[in-house]
Amino acid sequence: MSSNRHWPTRLILLVALGGVLTAGQLVRPASHAGSAVATTNTLRTPTTTTTVRAHTGTPNSTTTSTPVTSTTVGRPDAAPQPPVSNAVHPSVRHASCAFAMSPSSTPTTTTTLPAPTGVTGVTTSVPETTTTTTVREATSVGQCTVLEIGDSLGNDLGWGINRLIGGTRGLHLVQLDKSSTGLSNSWFYNWAQVLPGAIRQYHPDLVIIFLGANDQQGMMVNGHAQAFATPDWKDAYEQNVRTIVGDATRSGAYVTWVGLPIMGPYGYNLGAQYLNSLFQRVVPTFAGATFVPTYSLLALHGAFSSTLPLNGFNQVARSPDGIHLSVAGEDCLATYVISQLRNLYHVRLIPHGAVVRTP
């Protein structure tokens, strides 16, 4: 009988314990969701945010990515690295445009990047110093056409550039971004085929390229499926980069390749670092081509943060997916890229409504 009198108390304790266990299953750290995003092979678009423009057209695919391991994600309080340029003029120049690079010298040291998980003997050497240029007085742009291509992150950058300098006299901006595209999924959209036609149509003086966000996936190489970051994948991907940069520079256009910013999902961020290392090594091998790193620009103390000090106030800079940009983030990235264009090509480009990082 005495044991029966205590059964209501035991029942209450069991119910309470069950509630604690249920709460532990429902409340999960945000990092778990980020890890899930990092294993996807294409860049998915957020559908429930009001701060980021909608992006559509993400293809379906079953290819999985190979994670890239690293011991260093960012440097504390690091300023953006300087551009890496090849300031030799392209063979053909458009006289009406005032864009002009000064010859530069780039002392180079090399850093060995970590090999992707499961792959041995793969290292990448990255130029890692400053680019010295002869200072020239900025002039008006003249009559220039700037063609900007990219994926959904390219859209973010293009919208920001257009808002800030779209009204510049003599400057014609053409934005040809397409969401979900890249250089490892040509079955969906082939930039190597699209870009030459765009160059013939618009005759750009400068081509801005912002690609790579969808490229952490396998691709077919000589009829064989190759996983992300394996040696054959790397060789084929670098050749794709050479193809589009070569098409642009042979036409007489300068090329500015914008590097990927820091990303929220950890594994995805490591892949972005790996892609940046390939861009930084390959792009400046072409006359008139420049790689502009942005990884540290949108980092806070070397780590990812969805909010940043912008124009003196903490503002949301990234979308909830940890990949895309808010309007303030778009304008911050665009302001920085415009400043690099001004310094590289010695023209007066004044962004109206500039958004800059502040201490």
So, do [X] and [Y] sit near enough that their side-chain heavy atoms are less than 4.5 Å apart?
{"X": "T256", "Y": "Q340", "answer": "no"}
{"X": "L171", "Y": "I165", "answer": "yes"}
{"X": "S296", "Y": "R357", "answer": "no"}
{"X": "T290", "Y": "P284", "answer": "no"}
{"X": "L157", "Y": "I208", "answer": "yes"}
{"X": "V241", "Y": "V283", "answer": "yes"}
{"X": "W159", "Y": "N155", "answer": "yes"}
{"X": "H324", "Y": "L153", "answer": "yes"}

Residue list, side-chain hydrogen bond (donor to acceptor under 3.5 Å, both in side chains) with [X], at least two apart or on another chain:
{"X": "N240", "answer": "none"}
{"X": "Q315", "answer": "none"}
{"X": "W257", "answer": "none"}

With sequence neighbours excluded, residues passing salt bridge (Lys or Arg N to Asp or Glu O under 4.0 Å) with D205: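 With sequence neighbours excluded, D205 shows a salt bridge (Lys or Arg N to Asp or Glu O under 4.0 Å) to no residue whatsoever.
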Partners of D247 by salt bridge (Lys or Arg N to Asp or Glu O under 4.0 Å), sequence neighbours excluded?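 Listed in chain order: R250.
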Between [atom1] of [X] and [atom2] of [Y], what distance do you get to the nearest 0.5 Å?
{"X": "Y237", "Y": "T230", "atom1": "OH", "atom2": "OG1", "answer": "13.5 Å"}
{"X": "H346", "Y": "L341", "atom1": "NE2", "atom2": "CG", "answer": "12.0 Å"}
{"X": "D215", "Y": "L278", "atom1": "CG", "atom2": "CG", "answer": "10.0 Å"}
{"X": "N214", "Y": "S184", "atom1": "CG", "atom2": "OG", "answer": "7.5 Å"}
{"X": "S180", "Y": "D151", "atom1": "OG", "atom2": "CG", "answer": "8.0 Å"}
{"X": "T181", "Y": "N190", "atom1": "OG1", "atom2": "CG", "answer": "10.5 Å"}

Checking [Y] against [X]: is there a side-chain donor and acceptor pair closer than 3.5 Å?
{"X": "Y295", "Y": "N269", "result": "yes"}
{"X": "W191", "Y": "S186", "result": "no"}
{"X": "S179", "Y": "S152", "result": "no"}
{"X": "S319", "Y": "D321", "result": "yes"}

Give me the atom names and distance for the closest heavy-atom approach of [X] to [Y].
{"X": "L298", "Y": "C332", "result": "CD2-SG, 4.0 Å"}
{"X": "A334", "Y": "G160", "result": "CB-C, 3.4 Å"}
{"X": "A289", "Y": "V245", "result": "CB-CG1, 4.0 Å"}
{"X": "L300", "Y": "P309", "result": "CD1-CD, 4.1 Å"}
{"X": "V355", "Y": "T335", "result": "N-OG1, 3.0 Å"}
{"X": "A317", "Y": "L310", "result": "CB-CD1, 4.3 Å"}

Do V356 and V316 share a hydrophobic cluster (ILVMFWY, side-chain heavy atoms under 4.5 Å, transitive)?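 Cluster IDs for V356 and V316 differ.
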Same apolar cluster (I L V M F W Y, side chains within < 4.5 Å links), L211/W187: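 L211 clusters together with W187.
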Can you tell me if [X] uses its side chain to pair, donor with acceptor, with the backbone of [Y] under 3.5 Å?
{"X": "S85", "Y": "A87", "value": "no"}
{"X": "R318", "Y": "T307", "value": "no"}
{"X": "D235", "Y": "D232", "value": "no"}
{"X": "Q216", "Y": "Y268", "value": "yes"}
{"X": "W233", "Y": "Q217", "value": "yes"}
{"X": "R342", "Y": "L349", "value": "yes"}

Please step through side chain to side chain contact (heavy atoms under 4.5 Å, CB included) for the pair H203 and T145, ending with a clear verdict. CA-CA 7 Å; H203 305 287; T145 297; over 6 Å; no
Do the ring centers of Y254 and F99 come within less than 6.0 Å of each other?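 No: the rings miss the under 6.0 Å criterion.
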Would Y274 and F228 count as a close aromatic pair, with their ring centres under 6.0 Å?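 Yes.
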Could you pull out all residues at least two apart from F286 that satisfy ring pair (Phe, Tyr, Trp, His ring centres under 6.0 Å)?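 Checked F286 against ring pair (Phe, Tyr, Trp, His ring centres under 6.0 Å); zero matches.
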Before you tell me yes or no, could you show the steps for C144 and H172 under side chain to side chain contact (heavy atoms under 4.5 Å, CB included), namely the whole-Å CA-CA distance, both residues' side-chain angles and the distance that decides it to 0.1 Å? CA-CA 6 Å; C144 295; H172 179 212; over 6 Å; no
Mind running side chain to side chain contact (heavy atoms under 4.5 Å, CB included) on L164 and I350 for me, showing each step along the way? CA-CA 8 Å; L164 299 183; I350 303 173; over 6 Å; no
Pairing of R163 and D331 as salt bridge, 4.0 angstrom limit: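 Between D331 and R163 there is a salt bridge, with a charged N closer than 4.0 Å to a carboxylate O.
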Side chain to side chain contact (heavy atoms under 4.5 Å, CB included), that's the test. Do L344 and M101 meet it? Break it down for me. CA-CA 6 Å; L344 287 166; M101 296 180 73; 4.3 Å; yes
